[in-house]
Amino acid sequence: MNYLTLEDIHRQLRLEPDFQEDDAILTIYGDSAEDFISQHLNRPLDDITAENGGELPRNIYNAMLMFVDYMYDNSGSGDVKEIPNSIWILLTPWKKYTIM
């Protein structure tokens with residue numbers, strides 16, 4: 001993970017800081033969230049960070065945490081829910097649209 005931290009993921013999921021049993025899968029989810037959101041935005045997170053004075057905008061960071069939460073809640077579940085609309089709302093201002 002280049003942006004998310006396990007500490008923030010633990011807080012998002014309301015896990016105790018010393019609970020490390022799921023850290024390996026949480027790291028995979030964190031990497032996946034960063035990749036997924038970068039692809040959705042149609043640009044690298046590093047570019048957005050550079051444009052924003054070296055900081056990743058909080059709404060993108062929060063959307064990534066929410067996406068990890070979504071993946072964690074739906075792992076192994078037969079009843080998969082839709083990705084929450086709040087994730088898309090947070091990302092909309094940063095999406096680069098391409099014309100084909």
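Count residues from 1 along the sequence. Side-chain atoms are counted along with the backbone in the values below, which use heavy atoms only and exclude waters and symmetry mates. Bear in mind the structure is a predicted one, so any value in this text is a computation, not a measurement.
Contact detail for Leu90 and Asn59: the closest heavy-atom pair is O-ND2, 2.9 Å. Contact detail for Ala33 and Met64: the closest heavy-atom pair is CB-O, 3.8 Å. Here the closest heavy-atom approach between residue Leu41 and residue Trp94 is recorded as CD2-C, 3.8 Å. Counting all heavy atoms, side chain and backbone alike, Pro57 lies closest to Ile48 at CD-CG2, 3.6 Å.
Atom CE of Met1 sits about 10.5 Å away from atom CD1 of Ile28, to the nearest 0.5 Å. Distance check, rounded to the nearest 0.5 Å: CD1 of Ile37 to CZ of Arg43 gives 13.0 Å. One distance of note links OH of Tyr3 with CG of Leu45; it measures 5.5 Å at 0.5 Å rounding. To the nearest 0.5 Å, atoms CD1 (Ile89) and CE (Met66) are separated by 8.5 Å. In this structure, CZ on Phe67 lies 6.5 Å from CD1 on Ile87, to the nearest 0.5 angstrom. With values rounded to the nearest 0.5 angstrom, Asp23 atom CG is found 8.5 Å from Ile9 atom CD1.
When atom types are taken as modelled, the side chain of Ser38 and the backbone of Asp35 share no donor-acceptor pair closer than 3.5 angstrom. Under a 3.5 Å cut-off, the side chain of Gln12 and the backbone N or O of Val68 do not form any donor-acceptor pair. At distances below 3.5 Å, at least one donor-acceptor pair connects side-chain atoms of Asn42 with backbone N or O atoms of Lys96. In terms of modelled atom types and a separation under 3.5 Å, the side chain of Asn52 and the main chain of Glu55 share a donor-acceptor contact.
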- Please walk me through it: do Leu26 and Leu13 pass side-chain contact (heavy atoms from CB on, under 4.5 Å)? CA-CA 10 Å; Leu26 292 177; Leu13 300 175; 3.4 Å; yes
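Ring planes of Trp88 and Phe36: tilted class, angle from 30 to 60°.
No side-chain donor from either of Tyr29 and Asp69 sits under 3.5 Å from a side-chain acceptor of the other.
Between Glu16 and Arg11, none of the side-chain N atoms (NZ, or NE/NH1/NH2) sits under 4.0 Å from a carboxylate O, so this pair counts as no salt bridge.
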